[in-house]
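None of the values given here were measured: they were computed from a predicted structure. One is the number of the first residue; the rest follow in order along the sequence.
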Amino acid sequence: MLTQFATILIFVAIIGCILYGRRLIKTEKVDAVFGNPERAKGGTHWIVVGSSAILLVWLYYSWDIAKGFYPKSANELCQVAKINESLMGLKYQFPIEEREFKSTSIIKIENKNLKNIANEIQNSNDLNNQQKKILIGFIGKTTQLIPLLTNNNLMEMDTKIKIKEMTEEIKILSSNFKKKDYPFETEEEKNERLKAVSEQGGWGITTVRTGTGSIENTLEVPLVPGTNRGLKFHAAAAELKVISDKFFKLRNHNSYFKTSIKELKNEIKAYRKILDDSEEIASTYAKNIVKIARRIEFASIYPPTALNEMKDAIIEFDNLQKSEQGGLRLIDILLFPAGTIVSSGPSCSEQGSGRWLPKPSDTFNKFILMSKPSVGYKNIPLLWIEMVDVSSMIGFILPDWIADVLPGEYPVHTKDGIVKENFKSKVLKLVTGDFKLFKVPVPYGHIWDSFLRVFLGLVFGIIIGVPLGLFMGLNRFAKGFFDPLIELYRPVPPLAWAPLIISVLGIDNTGKVFLLFMVSLSIMIISARAGASGTQLSKIHAAHSLGASKKQILRHVIFPNSLPEILTGIRVAVGMCWGTLVAAEFLAGTTGIGFVENVAKKYFQYEVIWITIFIMGMLGLLFDITLRKIIDKTIPWRGKG
């Protein structure tokens with residue numbers, strides 16, 4: 001229902017915004033100067049169109065529109081896929097999906113293999129004439145096995161009867177398949193099926209084992225047929241599977257073939273037995289010949305016309321089942337772009353874009369679950385608030401050594417088992433946070449952890465990088481001294497530093513924050529240096545002429561001129577820090593967005609992967625919008641000379 005409403009709303013939004021935009025264009029001044037930035041301002045309606053188009057493409061290619069408007073389609077296509085799976089093996093025996101009979105294909109391949117081995121043996125310098133003669137003899141006998149299978153006169157009556165029986169079964173199935181009440185389900189069977197349908201849930205259902213904090217997909221496509229049409233295909237697929245299994249267990253072996261292949265195997269076995277270690281090559285050739293003989297033995301090779309009737313029956317049923325699909329084929333073509341539902345053994349799965357592009361509705365549901373503290377991801381929610389005692393914050397901030405350096409000793413328990421507190425022990429309680437105070441809300445979760453790491457790395461980079469960059473832009477010594485160091489480590493990709501830093505500083509926050517600090521530091525230094533060195537000399541001269549001191553020139557001339565480059569550097573650093581953080585959390589992390597994505601990829605949790613991508617994009621956008629607002633407010637002179 002939500003997907004249907006969203007789809008309709010998107011269409012309305014796109015059409016409405018386009019109409020609004022066209023009307024707006026007509027009211028614009030025709031004499032507006034081309035290239036004037038003022039003309040590019042506004043345009044919220046085009047943002048709505050762009051965003052809606054992206055969402056519409058996502059809905060379509062993730063098959064969420066199919067799920068929203070025809071939720072039973074996956075279940076019905078699953079039953080169709082079962083038939084295709086059951087038919088596949090049989091159809092490949094005939095020129096239906098392939099250009100030639102499977103028997104013909106096998107015979108061509110094995111004759112070619114025998115010919116190649118014969119040529120190798122004839123041209124080999126490692127075999128003597130006697131060995132060549134024996135091996136060529138084996139090849140000749142193997143080649144003679146094939147006519148024993150393809151001669152219709154040698155085909156045993158029992159084999160013909162079984163093929164006839166299977167053909168009749170397919171014909172009866174076709175006849176029954178046309179009937180509306182097929183597969184003749186009793187009331188009791190129907191009730192059991194409907195109960196199983198209600199228990200299996202819907203398409204793409206997500207269940208959560210609350211208490212363990214884990215999220216998992218228990219079912220991708222519902223397997224039990226939920227509609228009469230689906231039941232018909234399900235029953236036919238089961239019958240076809242039985243026929244198919246019987247066909248592939250059947251062997252077209254007559255007494256001549258059995259005798260010949262047995263003699264061949266015994267001869268080759270006896271020959272290999274008498275060979276010594278120096279005749280390994282001859283033994284290997286003999287082994288390869290018997291392998292081909294075994295492949296011929298177990299292949300479904302029949303006389304050219306022996307299976308014609310069965311082929312016609314299969315084609316008839318295949319056309320019939322396609323006809324019975326009716327509008328479902330159209331839904332499959334239109335609403336399942338670049339893929340469909342396929343059956344594989346006891347389950348059905350999505351193949352195509354719907355496989356790796358999760359449905360927005362499923363993704364949203366999983367996002368809600370991951371945000372809940374009772375579920376979360378690996379017991380940690382994406383972002384939540386917990387009440388934390390202020391005492392623990394004080395204990396975290398204050399170092400323990402404050403109590404250690406105080407004069408006096410810590411109290412010792414008395415013979416009565418009582419400990420009397422003194423000033424030193426009370427200070428220790430204070431610095432370790434071992435006391436109770438009021439509680440304040442504190443955010444926590446994967447998003448908060450990642451955000452905090454990026455924020456700290458960025459702040460440390462700005463605090464150190466900006467002053468150093470300005471200094472390097474104004475002082476020859478600073479530039480000469482620090483430049484080699486900066487230029488030496490800056491080109492190295494952050495991922496190259498990550499293993500070293502994480503192994504030295506640990507997988508906790510320290511290593512990750514330091515890595516982000518390194519990333520942001522070089523960017524801030526370069527941007528601040530560029531800003532300082534780019535200050536127009538005329539402005540500095542003007543300040544000098546007005547009697548400004550060096551500090552005043554730095555404070556009121558150079559720094560304001562450097563701010564555009566510095567803030568642009570911060571914008572660049574934010575993007576670099578996010579990219580590096582995710583890589584660092586990929587390498588070693590226990591929390592954070594990168595950690596979530598790393599775990600999700602191991603279990604093919606595509607919804608979770610897309611959630612992490614979306615979160616990273618939104619956080620990056622939030623940072624960027626904030627910085628743009630800061631730039632607009634703090635440096636209105638930017639770009640105006």
Side-chain angles (χ1 to χ4, degrees), residues 373 378-381 383-471 482 485 489 497-522 524-525 570 573 577 580-581 584-585 587-592 594-595:
K378 298 297 177 186
N379 299 320
I380 300 173
L383 185 62
W384 203 252
I385 298 292
E386 65 175 345
M387 301 304 290
V388 176
D389 201 305
V390 174
S391 58
S392 61
M393 298 183 188
I394 295 173
F396 178 76
I397 296 170
L398 296 177
D400 295 356
W401 56 262
I402 292 177
D404 296 335
V405 298
L406 290 174
E409 299 294 333
Y410 290 109
V412 180
H413 66 280
T414 65
K415 64 179 180 180
D416 299 325
I418 299 171
V419 179
K420 290 184 179 180
E421 300 287 345
N422 59 12
F423 178 72
K424 191 178 178 76
S425 66
K426 290 178 180 175
V427 173
L428 180 63
K429 281 192 171 183
L430 176 67
V431 298
T432 55
D434 186 16
F435 61 100
K436 293 292 181 185
L437 210 60
F438 63 91
K439 292 185 176 180
V440 294
V442 174
Y444 79 105
H446 293 293
I447 293 177
W448 177 253
D449 287 351
S450 293
F451 170 81
L452 203 59
R453 287 164 188 155
V454 170
F455 182 75
L456 289 175
L458 193 63
V459 166
F460 288 136
I462 293 171
I463 290 174
I464 298 176
V466 171
L468 183 58
L470 292 173
F471 191 34
F482 290 107
L485 180 64
Y489 95 84
W497 289 106
L500 176 65
I501 291 173
I502 288 173
S503 62
V504 173
L505 298 177
I507 63 171
D508 210 353
N509 286 328
T510 309
K512 296 183 181 66
V513 171
F514 186 78
L515 183 64
L516 299 178
F517 160 72
M518 288 183 65
V519 172
S520 62
L521 178 67
S522 61
M524 296 317 304
I525 289 174
I570 293 174
C577 283
T580 307
L581 172 71
E585 288 175 341
L587 287 174
T590 53
T591 61
F595 163 73

Task: Selection residues 441-467 - residue pairs positive for salt bridge (Lys or Arg N to Asp or Glu O under 4.0 Å), sequence neighbours left out - done: Arg453-Glu585
Just to verify, what does [X] make a side-chain contact (heavy atoms from CB on, under 4.5 Å) with, not counting sequence neighbours?
X      : result
Ile462 : Leu458, Val466, Met524, Ile570
Pro399 : Trp401, Ile402
Val459 : Phe455, Ile463
Pro441 : Ile385, Met387

Open item on the list: So, taking the atom named CG in Leu456 and the one named OG1 in Thr510, what distance separates them when rounded to the nearest 0.5 Å?
Closed with: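 Rounded to the nearest 0.5 Å, the CG-OG1 separation comes out at 10.5 Å.
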Partner residues of [X] under the ring pair (Phe, Tyr, Trp, His ring centres under 6.0 Å) criterion, sequence neighbours left out:
X      : answer
Trp448 : Phe451
Phe471 : none
Phe514 : Phe517

Side chain to side chain donor-acceptor pair (under 3.5 Å) partners for [X], two or more places apart:
X      : value
Ser425 : Glu421, Asn422
Ser520 : none
Tyr410 : Asp404

Task: Least distance between heavy atoms, Tyr444 atom then Pro373 atom - done: OH-CB, 4.0 Å
Open item on the list: Tell me the closest heavy-atom pair linking Pro411 and Lys420, and the distance in Å.
Closed with: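 In this case the closest contact between Pro411 and Lys420 is CB-O, 3.0 Å.
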Task: Non-hydrogen side-chain atoms of Val388 and Met393 separated by less than 4.5 Å - done: yes
Open item on the list: Quick check: do Ile464 and Leu521 have side-chain heavy atoms less than 4.5 Å from each other?
Closed with: yes
Which donor-acceptor pairs under 3.5 Å do the side chains of residues 430-437 make with protein atoms, sequence neighbours left out?
residue, atom, partner, partner atom, Å
Thr432, OG1, Leu428, O, 2.6
Thr432, OG1, Lys429, O, 3.3

